[in-house]
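Let me begin by presenting the structure, written as structure tokens, before commenting on it.
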There are 4 protein chains.
Amino acid sequence: MSNLMNKNIKKIAVLTSGGDSPGMNAAIRSVVRTCAYHNINCVGIYRGYQGMIEGDFKEMDARSVKGIINKGGTILKSARSNEFRTVEGRKKAYEKLKEANVDALVAVGGDGTFTGAMIFSSEYDFPVMGIPGTIDNDIFGTSHTLGYDTALNTVVDVIDKIRDTASSHNRLFFIEVMGRDVGHIALNAGVGAGAEEILIPEEDLGLERLLESLRRSKRSGKSSSIVVVAEGDKIGKNVFELKDYVDENLAEYEVRVSVLGHMQRGGSPSCFDRVLASRMGVKAVESLLEGKSNYMVGLLNDKMALTPLDQAIKGQSKINLELLRVSDIMTT
Amino acid sequence: MSNLMNKNIKKIAVLTSGGDSPGMNAAIRSVVRTCAYHNINCVGIYRGYQGMIEGDFKEMDARSVKGIINKGGTILKSARSNEFRTVEGRKKAYEKLKEANVDALVAVGGDGTFTGAMIFSSEYDFPVMGIPGTIDNDIFGTSHTLGYDTALNTVVDVIDKIRDTASSHNRLFFIEVMGRDVGHIALNAGVGAGAEEILIPEEDLGLERLLESLRRSKRSGKSSSIVVVAEGDKIGKNVFELKDYVDENLAEYEVRVSVLGHMQRGGSPSCFDRVLASRMGVKAVESLLEGKSNYMVGLLNDKMALTPLDQAIKGQSKINLELLRVSDIMTT
Amino acid sequence: MSNLMNKNIKKIAVLTSGGDSPGMNAAIRSVVRTCAYHNINCVGIYRGYQGMIEGDFKEMDARSVKGIINKGGTILKSARSNEFRTVEGRKKAYEKLKEANVDALVAVGGDGTFTGAMIFSSEYDFPVMGIPGTIDNDIFGTSHTLGYDTALNTVVDVIDKIRDTASSHNRLFFIEVMGRDVGHIALNAGVGAGAEEILIPEEDLGLERLLESLRRSKRSGKSSSIVVVAEGDKIGKNVFELKDYVDENLAEYEVRVSVLGHMQRGGSPSCFDRVLASRMGVKAVESLLEGKSNYMVGLLNDKMALTPLDQAIKGQSKINLELLRVSDIMTT
Amino acid sequence: MSNLMNKNIKKIAVLTSGGDSPGMNAAIRSVVRTCAYHNINCVGIYRGYQGMIEGDFKEMDARSVKGIINKGGTILKSARSNEFRTVEGRKKAYEKLKEANVDALVAVGGDGTFTGAMIFSSEYDFPVMGIPGTIDNDIFGTSHTLGYDTALNTVVDVIDKIRDTASSHNRLFFIEVMGRDVGHIALNAGVGAGAEEILIPEEDLGLERLLESLRRSKRSGKSSSIVVVAEGDKIGKNVFELKDYVDENLAEYEVRVSVLGHMQRGGSPSCFDRVLASRMGVKAVESLLEGKSNYMVGLLNDKMALTPLDQAIKGQSKINLELLRVSDIMTT
């Protein structure tokens, strides 16, 4: 591929932005080492676009990213930047990049991150490449976002623990998991944890059907139940209201609630996420060196694939309908 | 010890009651196998005192408890029993025990469990022995209750995950942990997780000092902070009110809340809790066989020790003041 | 799909055979519950084909598989059966199945298991369906075998621990991982754990190049190194001989060896493996009900797919060449 | 305590030496922060006594030890130093300490580390304080060495995994664990993992009794067995020879071996070890400030206690005989 090499790119910057996710550090490591492999300079930008505006940069070589592949969070930190939403903010950012002789950018994050990158790229004809880093798996153009697999393992591990106490006391637990407007975490972790019901935004089960299902579950001899609820579930009630509703309508259950919260974003990444991050970092840097811009690196059919950033943002990551059916069958 | 053997005890029952905790299964296993070792029959009672009233018993031999030493929860289930608080309830329970030829009881649980055992024992002159099973470590007469060590590991593991995201975003987290009216979990897990502040019921820090400490922490260059709050903290505000208060008074922090909840009660027990449960089960059964009754088995100075049940209930498990000081020094 | 239903299948048997792998219990659960969902009877066969010969069967309903989705190993046990390799053995097995009115078989295991199923099916025109359960990922027709993802996480978790001590002492570790004749575990876990070198059967690096690489690694400032070796590596030396060779030729390193062994086969399955097992069980049972036979259920491009058993056995599961290159770049 | 303060100590050095253990980083953090709390300067010495000889020092303040409480290994690295065994080596080390204005030393390690500290202290009248950091728990004067609790959890976690596969295949596993000449890890992890037999240096079971026990175990209906073997076991055969011996004499078992090795030294420390390390660091620094020298900080009856270094080295850490008996009863 060296013959394809873009001679104009001599320094690449990398940043992480938006909610952090396990695997971001592995992606940074991969970007930095791929630059080193191709004798390209690399700088890390702290605190996402805000650090870009402030010129909060750090030169990075292969040794700078030693010992981080297995660490959660992001050594480059992440932040939201309202200033980058303004023309002036982006102008400052561009000037800082030019001062530092940066020729291209790899941005790790979700759709907000990609929107920023796309606008910036179009305004300044600046080469950008996106890596999808979010636990929610809500990005079009990749079967898996970075951190999603780790979050699923974190969630089933916690639900396994809660089931210990649920089944010891014959209780019903409503467990709220992350996922914003999509049910990927809830559906997969729900099936993985053997949940009796899974409430996701993509499917409005209805309160009546939930009660009926719980009653049937009780009759069939189940002494405890786990209901996994996506935070963006559209049933019209939050998880505490659900508890109250069931308390009133199903006297036979003692109901408890657990909101898993931010722990889902942390932790050492799974092997899958570490490998995915390593592959994505290579692909992102080499795509820039090949002269490509404005794409997101993704995993499609187990292979690295590029999707234009605008499609990645606009497209929808669909729930696996087969899995919905599997879930129904498993709760027979 | 065979010469001390109480010839009148030919069958021992074991139950778990109150909130479950990791290590209860290991304790059941130990009670059952110690009975087998001494050629004493053993029955498990399901659902605590309620199952005792209903005669929900199961004969258990050494093989009945195979493969449970590493499982959270309790295979005998746990439940609260209002009926056992009545004279009639306890009478029924006694009759069921007599029908089943049970001569003595080992009750695993917290102070509610021990109170029931003590009353029952005094009314019917029935030999009882208590094993402290609760994650709260709030029992007098033992340095460690069953499940406490495991819960501490669960809590620091989760806080480690939350710290990944806290430090990536320069955030302040209030994390509520269990412990009812005592701060053992909060203090130990707080020190173990490197928390910047620890709020426990035993010490009223005061809101002003909390703010001052957080401000100092910020000035000293810390970009993120973890505050661990015991559920029974006496500062006068719950964890969500604390968040609001800090939000209003410390604009420099972005504050988040996480309530760890029931996951703290589950999970595979630590090696410490498995060994402790094994030792306690042996001690409980052999103490009954030696003719003792109305004691709780505990760990004092790394040795098995007996404490009269009434003292175990009334006595107070004190916070380690040295550790409070260590906590202060660590947050320098 | 009910209209496609094969009316002749009223009872399905399930067995696990060969080396066990995490997710086998989740697959058993899924087969049993899918049968229940379709009102088909289900029997579990203990100890693989040997139990089939001996008629070691157990009727299973939806409740029989409660609480096993998160357990490693297999509740049906596994065993090798020389007797099943004989015509007489298979005849006995067939008779036992007929006695028990079993109409079809789901066999969970690796290529040995599938070979047995295929021969049995051809001899007795008996409907069979295979589910690939092995940590080695060495089966054609599926991107992931059951247990592979979990094993990868187990391996990187252990290597993370070993790296703690390796980097504290500036040591070189050779770590042998499972995988028989294929390097999937070594390559993926090696990349995931940030190994400096990965030795796999598919690529003969050569001893000289290994030494050169380790020397370069040392010069580049790395103070410790991890070399992951697949058990079937073709470099011509086992992991202890490798150690001796490097000890003699690279005085600057202190070398240690760790053979991970059977722990790689155990443990609670990852969310991925639990979900995969659930999907595969549904697909296997419903394929039988649709009249299909002699296929293996697999995951191809994130979808359930059927591959004829003979192809699954003969075909080769190829190493991901892109990942080999990623590995090289990461060790820059 | 400020009135007790030794005015002559203005700078304290800390080093880790010998085999690393989880909790060493937490101890370094505690020493550094306790110095900061008392306005004492602190330097870290890299690579133990060898780095002391070479003047490989680093000034450390409270922020230098951020984010390390939960990390395995030691950020100060560890190494053996033959040079420090010589008069000349120790002279160089003393000169380096004086050049750097170091007034006292905290040494974290095992008996070799303490021996070095004691000789150095006597030769140069230099204040030293020891912290016991080793997973083996073979130090007199403390009920727990740093890292021991974590290692126990690592071992039972691995044995849990191996048991999955052992019980799926009805196999017998010999599992070798660390512990040099003492059986603490083997005995505690063996009881915690529910091992059928535990072979430790302190008790020569004899091969005949082992066979008899395994035969009895088989007869009693156990289908799989775990035998935990301490590396220093005195039965006269290593773990592979044991396998061969049992293979020859107990045809009914299929035997496998697993040597756990160095993974036992790594991993994130348990809450217990983090808290213990924090307490020990405070005690070590404050004892030096109080004018004490030549002691080891330990945990006795749940309280911090000082033991003269020569006693810590010469004294013997005894196996808990009660636990041996518990182990026998549990394998009924």
Side-chain angles (χ1 to χ4, degrees), chain A residues 26 29-30 33-38 62-63 66-70 143 149 151-157 159-160 163 167 187-189 191-194 220-222 268-275 278-279 281-283 285-286 300-304 320 322-323 325-332, chain C residues 26 29-30 33-38 62-63 66-70 143 149 151-157 159-160 163 167 187-189 191-194 220-222 268-275 278-279 281-283 285-286 300-304 320 322-323 325-332:
Chain A
R29 172 181 180 268
S30 177
R33 295 216 165 152
T34 307
C35 287
Y37 179 84
H38 289 296
R63 294 286 74 72
K66 186 183 152 185
I68 69 169
I69 194 172
N70 62 341
S143 60
D149 182 68
L152 291 180
N153 284 331
T154 299
V155 172
V156 296
D157 185 52
I159 301 183
D160 284 354
R163 190 178 288 280
S167 64
L187 180 55
N188 278 269
V191 169
S220 81
K222 285 190 192 177
S268 182
S270 66
C271 185
F272 180 91
D273 276 327
R274 299 182 194 190
V275 170
S278 302
R279 294 171 71 183
V282 170
K283 183 70 176 175
V285 169
E286 298 197 336
L300 290 177
N301 296 338
D302 296 326
K303 291 193 182 59
M304 287 291 100
N320 182 345
E322 176 220 333
L323 196 51
R325 195 171 168 269
V326 167
S327 167
D328 279 349
I329 295 174
M330 287 307 104
T331 53
T332 300
Chain C
R29 173 181 180 268
S30 176
R33 294 214 168 154
T34 307
C35 287
Y37 179 83
H38 289 295
R63 294 286 73 72
K66 186 182 154 188
I68 67 168
I69 193 172
N70 61 342
S143 61
D149 183 68
L152 290 180
N153 285 331
T154 300
V155 172
V156 296
D157 186 51
I159 301 183
D160 284 355
R163 190 178 286 282
S167 63
L187 180 55
N188 278 270
V191 169
S220 82
K222 283 191 192 176
S268 183
S270 66
C271 185
F272 181 91
D273 275 327
R274 299 182 195 190
V275 171
S278 302
R279 293 171 72 183
V282 170
K283 183 70 177 175
V285 169
E286 297 196 337
L300 291 177
N301 297 336
D302 297 326
K303 289 192 185 59
M304 287 291 99
N320 182 345
E322 176 219 334
L323 197 51
R325 192 168 171 271
V326 167
S327 167
D328 279 349
I329 296 174
M330 288 307 104
T331 53
T332 300

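- In this structure, the side chains of A:Val275 and C:Leu323 come closer than 4.5 Å at one or more pairs of heavy atoms.
- Between chain A and the options C:Ser327, C:Ser268, C:Gly194, C:Ala26, the largest number of non-hydrogen pairs under 4.5 Å is found for C:Gly194.
- Contact of C:Arg279 with chain A is made through backbone and side chain together, with heavy-atom distances under 4.5 Å.
- Contacts with chain C were tallied for A:Ser167, A:Gly192, A:Ser270, A:Gly67; A:Gly192 has the most, counting heavy-atom pairs under 4.5 Å.
- Annotation: maximal heavy-atom pairing with chain A below 4.5 Å, among C:Ser30, C:Gly281, C:Ser143, occurs at C:Ser30.
- Rounded to the nearest 0.5 angstrom, A:Lys283 NZ and C:Glu322 CD are separated by 8.0 Å.
- Among the candidates C:Asp302, C:Val326, C:Val191, C:Asp160, the residue making the largest number of heavy-atom pairs closer than 4.5 Å to chain A is C:Asp160.
- Contacts with chain C were tallied for A:Asn320, A:Val156, A:Asp328; A:Val156 has the most, counting heavy-atom pairs under 4.5 Å.
- Using a 4.5 Å cut-off between heavy atoms, A:Asp149 contacts chain C through its side chain alone, with no backbone atom that close.
- We find the CZ-CE distance between C:Arg274 and A:Met330 to be 14.5 Å, quoted to the nearest 0.5 Å.
- Interface remark: A:Lys66 contributes side-chain atoms only to the contact with chain C (heavy atom separation under 4.5 Å).
- Neither the backbone nor the side chain of A:Leu300 has a heavy atom closer than 4.5 Å to any heavy atom of chain C.
- For the residue pair C:Ala189 and A:Cys271, the shortest heavy atom distance occurs at CA-SG, 3.9 Å.
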Run the side chain to side chain contact (heavy atoms under 4.5 Å, CB included) test on A:Val282 and C:Arg325 for me, step by step, so that the C-alpha distance in whole Å, both residues' side-chain angles and the decisive distance to 0.1 Å come before the verdict.
CA-CA 9 Å; A:Val282 170; C:Arg325 192 168 171 271; 4.2 Å; yes
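- Neither the backbone nor the side chain of C:Asp273 comes within contact range of chain A; no heavy atoms are under 4.5 Å apart.
- Of the listed residues (C:Ser278, C:Ala193, C:Pro269), the greatest number of heavy-atom pairs within a distance under 4.5 Å of chain A belongs to C:Ser278.
- The side-chain heavy atoms of C:Leu152 and A:Phe272, taken from C-beta on, include no pair separated by under 4.5 Å.
- Within the 4.5 angstrom heavy-atom criterion, atoms from both the backbone and the side chain of C:Asn153 approach chain A.
- A:Ala62 touches chain C through its side chain: at least one heavy atom from C-beta onward sits under 4.5 Å away, while N, CA, C and O do not.
- Heavy atoms closer than 4.5 Å to chain C are found in both the backbone and the side chain of A:Ile329.
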